[in-house]
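Comments concern the structure below.
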Amino acid sequence: MEICIVSGKGGTGKTTLATWLFAYHGGSALLDCDVEEPNAGLFLDVGWDSVESVNTGYPIIDEYFCANCGACASFCAFGAILSSPKATFVLPEMCHDCGGCGIVCPHGAITFGERKTGKIGQGVVNSPREHGGFFSYGELNVGEFSGVRIIKKLRESAPKDRLVFIDGPPGTSCSAVAALENVDYAVLVGEPTPFGISDMAMAVRMIRELGLPFGVVVNKAGIGNDDILDYCHKEGLTILGSIPFKRTVAESMAGGREGWLEMEEENLQIIAPIAEALALEAGLSQGVS
Amino acid sequence: MVLAFSVKGDATPPLLDERFGRCEAFLVLDSESGEIQSRKVNSGADASSSAGITAVQTLANAGVQGIVAPHLGPKAEDARKRLGLRVWNQGTHTNVDSALEAWRRGELEEITGDSKPKGLHRA
Amino acid sequence: MIAEIVVISGKGGTGKTTFASSMFAALGDSVLADCDVDAPDLAILLDPVPSVHEAFAGARKAWIDPVVCRNGAACDGLSPCITRCRFAAIRSDFRVDRHCEGCGVCFHVCPAGAITMRESTTGSLMVGSTEYGPMVHGLLEPGEETSGKLVSAVRRRARREATDAGMRFIITDGSPGIGCPVISSLSGAHHVVIVTEPSISALRDMERLVDLVESFHIPATVVINKADISETMTVRVQQFCRSQGIAVGMTLPYDEQVINAITRRTIPFVAYPEFFQDNGFGPFLANLKLSVADYLGVS
């Protein structure tokens, strides 16, 4: 079973919730799909099995055959090829790897090479709690335009034999969709502020368009007001639970793994009712599209 | 030579834009006769990054051989060099007529070397 | 010349939008551009009176005419569109789904001419007036890919509004992360303000963000928000900034009254100016103006 945690707004506590749920379920799997800013690993002690680069293709123009006809540059929808009667050249980082230039070239001048767009690491988690679970993360190279390819690879290599938590990216862009697609259940983390509610509404739309069952966790409960509860009731959303705002929680998460371990028992006590509610809801929803 | 200028607004003579990649439009003319071949609205101005590269390609497609422009960013400068377009800096000229006159008299500086980025300032 | 100051954060939730709104109210003489197009929140605080609302056609998508295609009969079931599509965007019933990136390969290979590339509306762009000046914001449809283009469109419109209104500054609220929409907000900006917080996640994210900002050669200043959450981490953030030669322009403690202001949908600087003034907002803004003038080469 795959459960994806998303938030709409950044900084609401998505990674916090994902890592706590992962810690609660010993032996489970966690995929950090926030490939622009992967942070879940900062809270875990991982024995790494592998770190591999993720590649993408780009066209290589053979000057011997190229007649500078410009057909490839005209075709390219992404501005990755420039051409004039004097020269034709490629901007690899703009290329979406669609293969079209190779198809339209009348002179057979185009072949394809590979370049790195990011990386994926995976390993076994030693702590917290002698977890023994599986952790993988993806990281997009700075300057690349999209992490979707990396997210897809992460999901393809997820273990199939256990509970999988997916720490999704913030927002509602194609990256968030790639993390959410086809999961069994989604958890939407919201915060009780006007920004939190507004961004939550967009995430609700995205999850509904994907046809996924989902529930809400209200994080930092106590700041702001109760508008978020009104919103959830109005929309008929399932609330799995809430995590109260406590400076001590913020302070412990600020410190990374050490901070987490200091507060481990307390954090797990907070997460227990939410984890149980999630198990009930997700279990009930299994098999329902 | 087929020459292009970055322009804005609809004054006569046309005003030069202070930007290249995100300028309003390009004016393409024959440098000898001064005859205007086309005025192209710069649709590449909305490109998410380096609109200058898109601009260079647009001009290459229009058969432009030389550009009279404000400062070109490093990517646009690299693109125009590789595509074989020449570029002159428009200096302090504010309209096409005065810039074209200066170009004819060889008064404009032709950019031939690498464009130097300004470096990371410390605020 | 109009100077554009872009406010970004790397990690979400550091207070970027809150800070940008306060800069807008305090600086004056500016247009506000909300480029966090996944989650544009500034309108909540600024309550703009809308004057323009345009559909934004950000992408081309392939469209297969079912009448010509006849469920693959037109190509005898060979369906080169499906086999050649690198994004698995064409379903077995020859409908194009959301994965389409608009490359045009299917259009090119269809032997029956059943496919056309159509502009698709991927979001909207809005212009409005607020108490502190004009505001432009963009909203991207959930699941869409073209955030970079919409960000460019918002910035371009903001520049036009600033020119028309004779404003000297544009304050751009950027997206979190380091991807396409952030890249799109940096190109051509004159100064970057990075709003961060003292947590290991935010520091990690800022390291990656600084890499990106440096590649654009734009001057940057850091603001450390909620600094008292972790003194240790605040020191680490300061050390990192020092090692990169980036000034920390302001350090703000966590203050409930800021959240209260947001909850009341008020700009924190307006509701609670002492908080900002006591923490050096005046000198921060003055330094910003000096740096921008210096970068633009004007006095």
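Only this structure's heavy atoms are used, side chains among them; waters, hydrogens and symmetry mates stay out. So you know, we letter chains A, B, ... as the sequences are listed, proteins then strands, and number each from 1.
Proximity to chain A is absent for every atom of C:Val182, based on heavy atoms less than 4.5 angstrom apart. In this structure, the portions of A:Asp97 lying under 4.5 Å from any heavy atom of chain C include both its backbone and its side chain. Residue C:Asp36: no heavy atom, backbone or side chain, is found under 4.5 Å from chain A. Looking at A:Glu144, the atoms closer than 4.5 Å to chain C (heavy atoms on both sides) all sit in the backbone: N, CA, C or O. Contact of A:Val104 with chain C is made through backbone and side chain together, with heavy-atom distances under 4.5 Å. For chain A, the nearby parts of C:Ser201 are the backbone and the side chain; heavy atoms of each come within less than 4.5 Å. Residue A:Leu180 does not touch chain C at all, counting heavy-atom pairs closer than 4.5 Å. Heavy atoms closer than 4.5 Å to chain A are found in the side chain of C:Ile259, but not in its backbone. Only the side chain of C:Ile44 comes within less than 4.5 Å of a heavy atom of chain A; its backbone N, CA, C and O stay farther away. Contacts between C:Asp205 and chain A at a heavy-atom distance below 4.5 Å involve backbone atoms as well as side-chain atoms. Heavy-atom distances place the side chain of C:Leu139, and not its backbone, under 4.5 Å from chain A. Of the atoms belonging to A:Lys14, not a single heavy atom falls under 4.5 Å from chain C. Heavy-atom distances place no part of C:Arg264 under 4.5 Å from chain A, backbone and side chain included.
One distance of note links OG of C:Ser9 with CD of A:Glu37; it measures 8.5 Å at 0.5 Å rounding. Distance CG/A:Asn39 to CD1/C:Ile200: 9.0 Å, rounded to 0.5 Å. For the atom pair CD (A:Glu36) and OG (C:Ser175), the distance works out to 9.0 Å, reported to the nearest 0.5 Å. Note that CD of A:Glu251 is 11.5 Å distant from OH of C:Tyr254, once rounded to the nearest 0.5 Å.
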Item to complete: Determine, step by step, whether A:Lys9 and C:Asp38 satisfy the salt bridge (charged side-chain N to carboxylate O under 4.0 Å, His left out) criterion, reporting the C-alpha distance in whole Å, the side-chain angles of both residues, the deciding distance to 0.1 Å, and the verdict.
Response: CA-CA 9 Å; A:Lys9 186 182 185 319; C:Asp38 265 5; over 6 Å; no

Practice prompt. Could you walk me through whether A:Phe195 and C:Ile262 pass side-chain contact (heavy atoms from CB on, under 4.5 Å), step by step?
Written response: CA-CA 8 Å; A:Phe195 294 170; C:Ile262 301 281; 4.1 Å; yes

Practice prompt. Could you walk me through whether A:Arg205 and C:Glu141 pass the salt bridge (charged side-chain N to carboxylate O under 4.0 Å, His left out) test, one step at a time?
Written response: CA-CA 10 Å; A:Arg205 229 185 102 190; C:Glu141 293 287 306; 2.7 Å; yes

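Here A:Pro194 is the residue among A:Gly100, A:Ala77, A:Gly171, A:Pro194 with the most heavy-atom pairs under 4.5 Å with chain C. Between chain C and the residues A:Cys98, A:Gly10, A:Gly11, the most heavy-atom pairs under 4.5 angstrom are made by A:Cys98. For the set C:Leu45, C:Asn260, C:Thr232, C:Thr14, the count of heavy-atom pairs under 4.5 angstrom toward chain A peaks at C:Leu45. Contact tally against chain C (heavy-atom pairs below 4.5 Å) for A:Ser173, A:Gly256, A:Gly13, A:Gly143: the top residue is A:Ser173. Counting heavy-atom pairs closer than 4.5 Å to chain C, the top-ranked of the candidates A:Asp227, A:Val177, A:Asp199, A:Asp34 is A:Asp199.
Taking each heavy atom of C:Arg204 and A:Pro38 in turn, the nearest pair found is NH1-O, 3.3 Å. The two residues C:Val105 and A:Phe75 have their closest heavy-atom pair at N-CZ, 3.7 Å. Looking at every heavy atom in both residues, A:Val142 comes nearest to C:Arg208 through CG2-O, 3.7 Å. Pairing each heavy atom of C:Cys180 with each of A:Phe145, the nearest pair is CB-O, 3.4 Å.
Looking only at side-chain heavy atoms (C-beta outward), A:Met253 and C:Ser230 stay at 4.5 Å or farther from each other.
Summarising the local packing, CZ of C:Arg98 is surrounded by more than 12 heavy atoms from other residues, nucleotides or ligands at distances under 6.0 Å.
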